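Worksheet for the structure shown next.
Start at 1 with the first residue, then count along the sequence. Quantities reported herein were computed from a predicted structural model and do not represent experimental measurements.
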Amino acid sequence: MKHLIFTSIFTLTISLTATCKTLNINNFGAVGDGVTDDAAAIQATIDSCAAAGGGTVVVPGGKTFVCGPIRLASDIDFRVEKGAVLLALPDEDAYTASAFRGNRGEGMMWICGENLVNLRLSGGGVIDGNGVFFMGGELEDSYELKPVSTFDPRPHILTLININNLKISDLTFANSAYWTVHLVGCEDAAIENVTIRNNVKIRNSDGIDLDHSRDVRITGCRIESGDDCICLKNRREYGEFGPCANITVADCAMSSRSCAFKIGSENVDRIENVAVSNCVITGSNRGIGIQNRDEGEVRNVVFKDITIAGRLFSDVWWGKAEPIYVTSFPRAAADNKDGNWRFPKGAAAGRCGEVSGIVFENIAATSENGVFISGDTLGKVRNITLRNVEINIEKTTSYPAGFYDRRPCDGDEFTFSATAAALVDTACDIVFEGFKATIEGQPVIAENAIVQRACEGITIK
């Protein structure tokens with residue numbers, strides 16, 4: 001009898017162990033009819049898998065699972081299988097957890113996780129933010145934002161805070177109402193073969209935001225978004241996580257109505273040791289942008305082997321078709337929904353940090369505007385090298401030209417100038433090596449294509 005009892009317990013243990021390795025949300029009550037809120041069933045599956053020591057949570061193919069907010073867990077592979085759609089619940093009241101802690105003016109969390117290890121998201125399926133539901137009326141090239149005071153209910157798709165050993169691969173994220181993939185204070189992270197396909201009229205629909213994160217690799221991704229495709233930053237709300245550093249981006253295709261690859265504008269620490277290579281940028285209002293607007297510094301960044309095709313959009317979007325943009329200006333003291341979070345605690349004004357050690361090499365760009373390099377004071381932007389950079393300026397839209405966008409900044413929002421292949425304004429130690437320019441089909445020698453204002457140490461080779 002004792003032997004039989006032991007055998008039964010042993011068999012049950014083996015069965016439970018095998019079961020907890022892969023759990024299907026259908027077995028926990030998920031309906032998948034495209035209407036029912038399956039959040040409770042999905043959360044129960046995640047919690048059961050975590051309680052059993054980890055494993056795979058399966059969102060099976062062939063159905064659309066609507067759900068409200070859910071939280072991920074350590075040692076989980078959250079697998080949305082090919083043919084499956086996970087769709088954000090169309091109910092503004094469901095989203096109450098802020099994506100930025102006490103700052104509730106910049107959106108809420110939908111899928112999230114905090115203080116975790118060994119997390120995977122994979123499977124080949126679609127995670128859809130149901131973005132248009134959360135927007136106001138449709139305009140010519142954007143949607144209106146619904147009126148908000150201190151609370152914005154728009155959900156970010158994925159917010160991951162303080163995750164160690166993270167991999168996101170082979171998924172499609174779509175139609176985000178706010179940021180799509182936001183990594184805060186994460187270390188040892190890889191984002192591979194991910195497609196982000198946002199509605200390009202939705203403002204703030206960033207693709208990937210790396211915030212105070214280190215040792216991150218982004219490879220083989222295709223990103224189309226209204227706002228920045230890939231953005232590195234250090235937000236004030238998460239200042240304890242330190243610098244954003246050791247970032248590699250390679251073999252990605254990007255298209256944005258704002259900036260395809262951006263550093264800033266929020267930066268309260270350091271952004272350093274960044275390498276971006278072998279990327280293609282198309283149809284973007286700004287190609288590569290360093291937009292430093294806070295006290296943090298940007299240094300040791302290399303952009304190499306990149307093709308850029310740009311164009312103008314309306315003033316709703318930051319940028320004036322600058323293919324390369326390197327700036328540092330203090331931000332304006334604005335009384336807006338998140339004004340208390342823009343400056344250090346107790347301060348009524350801010351300052352901007354130094355941008356230095358930036359290299360652009362083997363860049364071929366066609367756009368309606370040229371390179372813009374500028375700072376608020378001489379020396380704030382320095383040691384910038386453009387090596388084998390080709391700029392081809394062609395007017396392709398009816399939007400007005402002849403100025404560069406400084407937003408968000410204190411003082412004048414735009415710098416006005418006749419279109420040039422490069423405008424360098426209040427900067428020093430700038431090297432143009434092998435710089436080539438064509439304006440409306442006419443080649444222009446580098447010395448005549450580069451306009452200088454209040455600069456020191458401009459070298460043209």
Side-chain angles (χ1 to χ4, degrees), residues 19-52 54-73 76-97 99 107-113 119-136 138 143 146 152-160 168-182 194-199 201-202 205 224-225:
T19 301
C20 77
K21 293 297 183 182
T22 301
L23 298 181
N24 190 310
I25 64 171
N26 285 343
N27 295 330
F28 287 77
V31 178
D33 60 2
V35 177
T36 303
D37 183 1
D38 285 319
I42 295 171
Q43 191 65 63
T45 314
I46 294 169
D47 294 345
S48 295
C49 195
T56 300
V57 171
V58 175
V59 180
K63 293 183 178 180
T64 295
F65 296 90
V66 174
C67 77
I70 56 175
R71 287 188 170 269
L72 302 172
I76 294 289
D77 182 355
F78 187 72
R79 186 172 181 83
V80 183
E81 292 192 331
K82 188 175 182 180
V85 176
L86 193 63
L87 182 66
L89 180 71
D91 179 3
E92 292 183 348
D93 293 336
Y95 304 93
T96 58
M108 302 293 122
M109 294 191 288
W110 175 30
I111 303 170
C112 63
L119 176 63
R120 302 287 184 269
L121 293 94
S122 64
V126 176
I127 301 177
D128 191 310
N130 212 351
V132 173
F133 171 84
F134 300 93
M135 306 307 296
E138 186 172 4
Y143 283 97
K146 294 180 181 179
D152 191 332
R154 287 183 290 163
H156 298 229
I157 286 184
L158 179 65
T159 307
L160 298 176
I168 305 170
S169 63
D170 304 304
L171 284 170
T172 293
F173 295 89
N175 303 315
S176 186
Y178 221 110
W179 293 3
T180 308
V181 176
H182 183 198
V194 163
T195 296
I196 297 177
R197 190 175 60 246
N198 287 333
N199 187 314
K201 287 190 173 185
I202 293 181
S205 62
E224 182 177 26
S225 59

For the atom pair CG (D128) and OG1 (T172), what is the distance rounded to the nearest 0.5 Å?
10.5 Å
Heavy-atom check, side chain of V66 versus side chain of P90, under 4.5 Å:
yes
To the nearest 0.5 Å, what is the distance between CG (D77) and SG (C49)?
9.0 Å
Min side-chain heavy-atom separation N175-F134 under 4.5 Å:
no
Any sub-3.5 Å donor-acceptor pair from T45's side-chain atoms to A41's backbone N or O?
yes
Side-chain heavy atoms of S225 within contact of T180, under 4.5 Å:
no
Pairwise side-chain contact, C67 with D37, heavy-atom cut-off 4.5 Å (strictly under):
yes
For I42 and F78, which heavy atoms make the closest approach, and how far apart are they?
CG2-CE1, 4.1 Å
Can you confirm whether P60 sits close enough to I25 that some side-chain heavy atom of one is under 4.5 Å from a side-chain heavy atom of the other?
yes
Specify the closest pair of heavy atoms between S169 and V194, including all atoms of both residues, with the distance to one decimal.
CA-CG2, 4.1 Å
Using every non-hydrogen atom in the two residues, find where A30 and D38 come nearest and quote the distance to one decimal.
CA-OD1, 3.5 Å
Do N199 and M135 touch side chain to side chain, with heavy atoms closer than 4.5 Å?
no
For a side chain to side chain contact (heavy atoms under 4.5 Å, CB included) with W110, tell me which candidate from N130, I127, L89 qualifies.
I127
Neighbour count above 12 (heavy atom, 6.0 Å) for K82 NZ:
no
CG/L121 to CG/D170 distance, rounded to the nearest 0.5 angstrom?
11.5 Å
Do L158 and I168 touch side chain to side chain, with heavy atoms closer than 4.5 Å?
yes
Test item: N24 and T22 side chains (from C-beta on) under 4.5 Å apart, heavy atoms
no
Specify the closest pair of heavy atoms between R71 and Q43, including all atoms of both residues, with the distance to one decimal.
N-OE1, 2.7 Å
What distance do L86 atom CG and I70 atom CD1 have between them, rounded to the nearest 0.5 Å?
5.5 Å
Once you round to the nearest 0.5 Å, how far does CG of D152 lie from CE of M108?
6.5 Å
Can you tell me how far apart CG (L23) and CD1 (I76) are? Round to the nearest 0.5 Å.
8.0 Å
S122 and L171 have their tightest heavy-atom pair at O-CD2, 3.1 Å
Can you see which heavy atom on V126 is nearest to which on A174, and at what distance?
CG1-CB, 4.4 Å
Passes side chain to side chain contact (heavy atoms under 4.5 Å, CB included), L72 versus V57? Steps please.
CA-CA 10 Å; L72 302 172; V57 171; over 6 Å; no
